[in-house]
Amino acid sequence: MKSIKYRPERLEITGKDLGFPLLEAGGYHAFDTAIFSERRSTTCFHVTYVATKHTSWEIEGGQTLHLFPGQIGLIQPSSFHRGEFGHDRPNAHFWFYFDPVHPEATLNSPFDRSDLEAAAQVLALSGHTVWKADDYFAMSCQRIYQLLLEPRTRQNLLALRLLMGQVFQSTVETAL
């Protein structure tokens, strides 16, 4: 697999931008120094893929997820979390907030309602966890990174929507 050099930056997109309600938001963050980490939560499944270095998430209730390059972390909906010791370590990572129970999650999605309900069950049963990403997941993230750097054309947004759907499917499949 070809490796790409990630630059320090913040690249983000919302599901509204994509016309893709399955994704609330997603993007790529990279920074060279530790930064303050606010306590946060989302009503979605929070998926993180670490591309370089490593990071750790403290989850309310005492669990800490340690993510190293090539790993995916899953944080359950409505779970408060922050970077370990209140700081996000220097790293490069992709993050996705997936909402398979959103009333319009099937819009512009390759999944029907029963697919999404089953996926939500699989992810919920996984709990807060970390696992190794497969090559397909890593390549999808690399392509997302490249597309987020490009101008937002109709073609670019369609490609991003398709990749986000693939990342969601790969997350569910590897969580099994």
Side-chain angles (χ1 to χ4, degrees), residues 1-32 35 37-38 40-55 57 67-75 77 88 90-113 115-120 122-123 131-175:
M1 173 172 55
K2 181 184 162 203
S3 179
I4 63 174
K5 178 120 174 104
Y6 295 102
R7 300 185 302 231
E9 58 201 332
R10 295 173 71 94
L11 303 168
E12 299 178 358
I13 194 160
T14 69
K16 279 187 181 179
D17 296 333
L18 297 175
F20 192 61
L22 172 58
L23 177 80
E24 181 179 285
Y28 164 80
H29 290 172
F31 33 90
D32 293 329
I35 61 171
S37 178
E38 291 183 6
R40 57 192 173 269
S41 78
T42 177
T43 58
C44 304
F45 290 98
H46 179 174
V47 177
T48 303
Y49 169 74
V50 176
T52 66
K53 301 187 182 174
H54 75 280
T55 193
W57 293 113
L67 290 90
F68 294 90
Q71 291 185 322
I72 300 167
L74 174 66
I75 298 174
D88 289 330
N91 73 83
H93 68 273
F94 293 85
W95 58 276
F96 309 96
Y97 290 164
F98 288 114
D99 188 1
V101 298
H102 187 285
E104 296 177 352
T106 59
L107 180 68
N108 295 318
S109 164
F111 312 106
D112 64 24
R113 176 57 47 204
D115 292 335
L116 294 172
E117 288 171 1
V122 167
L123 294 175
W131 65 90
K132 183 172 179 9
D134 59 22
D135 288 343
Y136 185 73
F137 191 100
M139 288 186 296
S140 295
C141 286
Q142 287 181 356
R143 184 64 184 133
I144 287 168
Y145 173 78
Q146 293 163 341
L147 287 169
L148 287 173
L149 291 172
E150 296 175 10
R152 302 270 165 92
T153 64
R154 181 173 169 81
Q155 212 170 6
N156 175 292
L157 293 174
L158 177 60
L160 279 165
R161 183 189 304 154
L162 291 170
L163 283 165
M164 295 296 182
Q166 291 171 347
V167 164
F168 177 74
Q169 181 174 343
S170 184
T171 298
V172 174
E173 287 174 356
T174 56

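This one's a predicted model, so the numbers in the text were calculated from it and none came from an experiment.
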Non-hydrogen side-chain atoms of Trp131 and Thr171 separated by less than 4.5 Å: yes

Min side-chain heavy-atom separation Gln166-Leu163 under 4.5 Å: yes

Using a 3.5 Å distance criterion without hydrogens, assess whether the side chain of Thr174 forms a donor-acceptor pair with backbone atoms of Ser170. yes

Give me the atom names and distance for the closest heavy-atom approach of Gly27 to Leu148. CA-CD1, 4.2 Å

Take the angle between the ring planes of His29 and Trp95 and call it parallel below 30°, perpendicular above 60°, tilted in between. tilted

Side-chain (Thr52) to main-chain (Ala92) donor-acceptor, under 3.5 angstrom: yes

For the atom pair CG (Asp115) and OG1 (Thr106), what is the distance rounded to the nearest 0.5 Å? 10.0 Å

Heavy-atom side-chain proximity of Gln146 to Leu149 below 4.5 angstrom: no

Candidate pair His93 and Phe31, rule side chain to side chain contact (heavy atoms under 4.5 Å, CB included), full reasoning: CA-CA 9 Å; His93 68 273; Phe31 33 90; 4.3 Å; yes

Out of Phe96, Phe98, Trp57, which one pairs with His46 under the ring-ring contact (aromatic ring centres under 6.0 Å, His included) rule? Trp57

Nearest heavy-atom pair of Val172 and Val122: which atoms, and what distance? O-CG1, 3.8 Å

Taking the side chain as everything from C-beta on, heavy atoms only, tell me whether Thr48 gets closer than 4.5 Å to Ile75. no

Please state whether the rings of Phe94 and Tyr28 are parallel, tilted or perpendicular, taking 30° and 60° as the class boundaries. tilted

Non-hydrogen side-chain atoms of Leu160 and Ile144 separated by less than 4.5 Å: yes

Between Asn91 (side chain) and Lys53 (backbone), is there a donor-acceptor pair under 3.5 Å? no

Over all heavy atoms of both residues, which pair between Ala105 and Asp99 is shortest? Give the atoms and the distance, please. CB-O, 3.7 Å

Please list, chain by chain and in numerical order, all residues satisfying ring-ring contact (aromatic ring centres under 6.0 Å, His included) with His102, sequence neighbours excluded. none

How about Glu9 and Tyr145: does a side-chain donor come under 3.5 Å of a side-chain acceptor? yes

First locate atom CG of Leu11, then atom CG of Leu147, and finally report the distance between them rounded to the nearest 0.5 Å. 11.0 Å

